[in-house]
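Okay, so here's the structure we're looking at.
Just so it is clear, the model here is predicted, and its values are computed rather than measured. We count residues from 1, following the sequence as given. All values below were derived from every heavy atom in this structure, side-chain atoms included, with hydrogens, water molecules and symmetry-related copies excluded.
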Amino acid sequence: MKKLISILLIQLASYTIYAQSAQLQGDIIFRITQHISWPLMDSEYKFVIGVIGSENDFNALQQLAAEKKSIQNYPIEVRFFNCTDKITECNVVYVSEECLLGIDKILKETKTAPVLVITSQPGYAVLGSIINFVESEGKVFIELNEKKALKCGLEVSAALREIAVVI
């Protein structure tokens with residue numbers, strides 16, 4: 001019985017840490033959106049954030065969207081995707097670590113669309129994601145593929161370039 005309780009406590013602790021991590025990454029994503037300019041959007045537009053792979057990340061972003069209410073004066077909509085269909089309708093696509101789709105397929109779909117692709121896997125910025133979270137020694141760093149951002153019609157602020165590792 002004690003062993004079962006110990007296992008459950010360890011699982012609960014790891015879930016809590018993961019949930020906090022999803023919340024932290026969600027907050028960083030919202031902050032990053034303040035430093036990106038998208039091509040002109042019409043006044044009836046919604047700011048769409050897509051999540052591929054993790055329901056925890058989706059839930060964290062939905063909760064933050066409910067709190068923040070808007071990004072750049074546009075109401076926020078968060079969508080969950082199991083495939084790449086319609087991801088080009090998003091302003092931001094967050095590809096979670098649990099994503100089972102190949103990153104190549106996602107990057108091919110968003111190749112020149114004005115979609116800010118955000119990942120958190122080593123080497124993904126070099127492959128073509130625009131923002132990549134990298135953890136090192138307990139700290140999270142942001143890699144920025146500025147050439148890819150410009151190719152997609154996205155402008156990156158000087159402030160974001162200063163804090164990111166530009167690839």
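In this structure Glu55 satisfies the side chain to side chain contact (heavy atoms under 4.5 Å, CB included) test together with Phe80, sequence neighbours excluded. Residues passing the side chain to side chain donor-acceptor pair (under 3.5 Å) test with Asn132 are Thr119, Glu143, sequence neighbours excluded.
The nearest pair of heavy atoms linking Ala149 to Val156 is CB-CG2, 3.9 Å. Considering every non-hydrogen atom in both Thr88 and Glu109, the closest pair reads CG2-O, 3.2 Å. Heavy atoms only, all atoms of each residue included: Leu61 and Gly26 are closest at CD2-CA, 3.6 Å. Taking every heavy atom of both residues into account, Phe47 and Trp38 meet most closely at CZ-CH2, 3.5 Å. Among all heavy-atom pairs drawn from Leu107 and Ser129, the shortest one is CD2-N, 3.7 Å. Of all heavy-atom pairs spanning Ile118 and Val92, the tightest one is CD1-CG1, 3.8 Å.
The shortest side-chain heavy-atom distance between Leu154 and Pro39 falls under the 4.5 Å cut-off. Inter-residue side-chain proximity for Ile106 and Tyr124 is flagged as unmet; no heavy-atom pair is nearer than 4.5 Å. Ile142 places none of its side-chain heavy atoms less than 4.5 Å from the side chain of Val165. Counting only heavy atoms from C-beta outward, the side chains of Ile87 and Ile52 approach each other to under 4.5 Å.
Connection of Ile130 to Phe30 is established within a shared hydrophobic cluster, with ILVMFWY side chains joined at heavy-atom distances below 4.5 Å, either directly or through further cluster members.
One distance of note links NZ of Lys148 with NZ of Lys111; it measures 7.5 Å at 0.5 Å rounding.
Judged by distance alone, the side chain of Asp57 and the main-chain N or O of Ser96 form no donor-acceptor pair under 3.5 Å. A donor-acceptor pair is defined here as one N or O able to donate and one able to accept, closer than 3.5 Å; such a pair exists between the side chain of Ser157 and the backbone of Leu160. Arg79 contributes no side-chain N or O that, together with a main-chain N or O of Val51, makes up a donor-acceptor pair within less than 3.5 Å. Between the side chain of Asn145 and the main chain of Ile167, no donor-acceptor pair closer than 3.5 Å is present.
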Return a table of donor-acceptor pairs under 3.5 angstrom between the side chains of residues 63-72 and protein atoms on other chains or two or more places apart.
| from | atom 1 | to | atom 2 | distance (Å) |
| --- | --- | --- | --- | --- |
| Lys69 | NZ | Ala66 | O | 3.1 |
| Gln72 | NE2 | Thr33 | O | 2.7 |
| Gln72 | NE2 | Ile36 | O | 2.8 |

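A donor and an acceptor atom, one from each side chain of Tyr45 and Asn91, are located under 3.5 Å apart.
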Given side chain to side chain contact (heavy atoms under 4.5 Å, CB included), test Phe81 with Cys90 step by step and report yes or no.
CA-CA 11 Å; Phe81 293 91; Cys90 299; 3.6 Å; yes
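A salt bridge links Asp27 to Arg31: one of the charged nitrogens lies within less than 4.0 Å of a carboxylate oxygen.
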